[in-house]
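Reviewing the structure listed below.
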Amino acid sequence: MCELFDQYVRQGEEKGKAGQLVQDVENAMRFFQVTLKKACEGLGTTVEGYQKAKNSLL
């Protein structure tokens with residue numbers, strides 16, 4: 001039972017981090033009016049990392 005709860009907590013934390021990354025990249029694109037690639041570079045991630053995070057939220 002505890003393992004199942006821990007698994008749900010970990011999944012929630014992962015989705016929270018993914019959501020924050022997606023939000024940060026999209027905000028940087030809007031605020032600085034830069035491309036997805038530049039926003040990702042500025043935030044220390046890759047376009048692939050952004051896309052993976054965004055897909056995990058669907």
Side-chain angles (χ1 to χ4, degrees):
M1 186 72 143
C2 285
E3 179 58 36
L4 183 61
F5 178 74
D6 289 341
Q7 185 178 12
Y8 282 121
V9 169
R10 282 191 300 273
Q11 287 175 349
E13 289 172 351
E14 289 172 12
K15 282 197 173 201
K17 289 177 185 176
Q20 188 63 53
L21 174 65
V22 169
Q23 184 177 5
D24 289 347
V25 169
E26 292 177 355
N27 285 340
M29 287 172 50
R30 275 191 300 276
F31 183 77
F32 296 110
Q33 297 181 349
V34 295
T35 63
L36 174 59
K37 183 177 179 180
K38 288 289 183 185
C40 289
E41 287 174 1
L43 292 168
T45 191
T46 62
V47 172
E48 292 80 16
Y50 164 80
Q51 291 171 336
K52 184 178 177 184
K54 187 155 184 150
N55 288 338
S56 75
L57 298 175
L58 301 177

Exercise answer: donor-acceptor pairs, residues 18-26 side-chain atoms, under 3.5 Å, sequence neighbours excluded:
residue : atom : partner : partner atom : Å
Q20     : NE2  : D24     : OD1          : 2.7
E26     : OE2  : Y50     : OH           : 2.6
E26     : OE2  : K54     : NZ           : 2.7

Q.
If hydrophobic clusters are built from ILVMFWY residues whose side chains come within less than 4.5 Å, do F31 and V34 share one?
A. yes
**Q.** For Q7, side-chain contact (heavy atoms from CB on, under 4.5 Å) partners two or more places apart
**A.** L4, R10, Q11
Identify every side-chain donor-acceptor pair in residues 36-48 under 3.5 Å, counting partners at least two apart or on other chains, and give the distances.
residue : atom : partner : partner atom : Å
T46     : OG1  : G49     : N            : 2.8

